[in-house]
There are 2 protein chains.
Amino acid sequence: MNYDKLKLKNQLCFPLYACSKEVVRRYKPFLDELDLTYTQYITMMVMWEQKIITVKELGKFLYLDSGTLTPVLMKLENKGYIERIKNRIDGRVLDLKLTHTGEELMEKAVNIPEQIVKCVPLDEADANKLYEILYHILDSR
Amino acid sequence: MNYDKLKLKNQLCFPLYACSKEVVRRYKPFLDELDLTYTQYITMMVMWEQKIITVKELGKFLYLDSGTLTPVLMKLENKGYIERIKNRIDGRVLDLKLTHTGEELMEKAVNIPEQIVKCVPLDEADANKLYEILYHILDSR
DNA sequence: TAAGAATAGATTGCACACAATCTTTTTGCT
DNA sequence: AGCAAAAAGATTGTGTGCAATCTATTCTTA
């Protein structure tokens, strides 16, 4: 029996998993300046774009469920970046609303993407290819 | 000011992070049959290959530190797949030794890689390219 | 060779992820 | 209208990740 397929070096999932963590680590110094975790940061990215959104919709953007999001959203509310407002039409729904403070935070975050690009060695072709492959996998759910 | 770079769809890190979790999710049904988590699985992959290894060396393979590994290794020891043995020459070092039971587990795991391939839609060229890009980033530490 | 530095792992504390379950509210059906 | 099913979030419990710190041991070097 050949066990080569079980070797770590022959896996595709493993470098994906390791690389994901590695890139998140490289965000940390920049996010520390804003006192945001990575999960809080990507949540704020959606908030900056949507202004108002339900937890459900947010979860679709981030591929996360309420079990993960609820505590994250409570922290962001405590920091004053969002408000959590029960929807009046449908009582099951929680609307998330970007606050003025949350909007201001965007100004401080606006330089992060380009700083990350400097920390991750990828030419544009590879970046595009990577993007394409990753979304191809994600879209196959 | 242009805020496009802060949009989620324009990030490369985010699909990497989401895709990593998605692929790990696709492992779950197969790993559940072996009663292994993904972290325990990749740890066992190293053990199956190395038979004996220190925690330090294992951590280099997996890009994980003792804070993460210690509890994982204790669980694998409880399940009988590895032994944790203090090194006699250097008392600081902990050797991990694959047990017979651990070796047997490999037989049950041997089909997992090919089953995952079926669950992740990637042709060989893209798989190779993805592999190359990911290790390029990982190696830039 | 004795003390300080370095190293290997363990521990602690915090923040996710995610499955499973629970609560509240709304929908759909008859 | 009345009730079962479905939906949206919250809660609970387990298992990572990882920074910071602690302990035990070994190395270094004055």
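Note on naming: letters A, B, ... go to the chains in the order of the sequence lines (proteins, then strands), and numbering restarts at 1 for each one. Any value given below was found using the heavy atoms of this structure, including those in side chains, with hydrogens, waters and symmetry copies removed.
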Toward the 5' end of DNA chain D, by each residue's nearest nucleotide, Lys21(A) or Leu94(A): Leu94(A)

Might you work through the side chain to side chain contact (heavy atoms under 4.5 Å, CB included) test for Leu98(A) and Ile52(A), ending with a clear yes or no? CA-CA 6 Å; Leu98(A) 183 64; Ile52(A) 291 184; over 6 Å; no

Within the pair Thr39(A) and dA17(C), is there a side-chain N or O less than 4.0 Å away from OP1 or OP2? yes

Considering only heavy atoms and no angle criterion, is a donor-acceptor pair shorter than 3.5 Å present between the side chain of Ser66(B) and the base of dA8(C)? no

Round to a whole Å and report the spacing from CG of Asp90(B) to C1' of dA24(D). 11 Å

Where each residue is assigned the nucleotide of DNA chain D containing its nearest heavy atom, which of Tyr17(A) and Val55(A) is assigned the position nearer the 5′ end? Val55(A)

Centroid separation under 6.0 Å, is that true for the rings of Tyr63(A) and Tyr17(B)? no

Distance check needed: dG9(C) C1' versus Leu73(B) CG, whole Å only. 10 Å

Between Lys86(B) and dT25(D), is there a side-chain N or O to OP1/OP2 distance below 4.0 Å? yes

Between Asn87(A) and Ile42(A), the residue closer to the 5' end of DNA chain C by nearest nucleotide is Ile42(A)

Would the base of dT7(C) count as contacting Arg92(B) through its side chain, where contact means a donor and an acceptor less than 3.5 Å apart? yes

Write down the distance between CZ (Arg26(B)) and C1' (dA17(C)), rounded to a whole number of angstrom. 17 Å

Compare side-chain N and O positions of Thr37(A) against OP1 and OP2 of dC16(C) and report whether any pair is under 4.0 Å apart. yes

Under 4.0 angstrom between Arg84(B) side-chain N/O and dA10(C) OP1 or OP2: yes

Between Lys75(A) and dC16(C), does any side-chain N or O lie under 4.0 Å from OP1 or OP2? yes

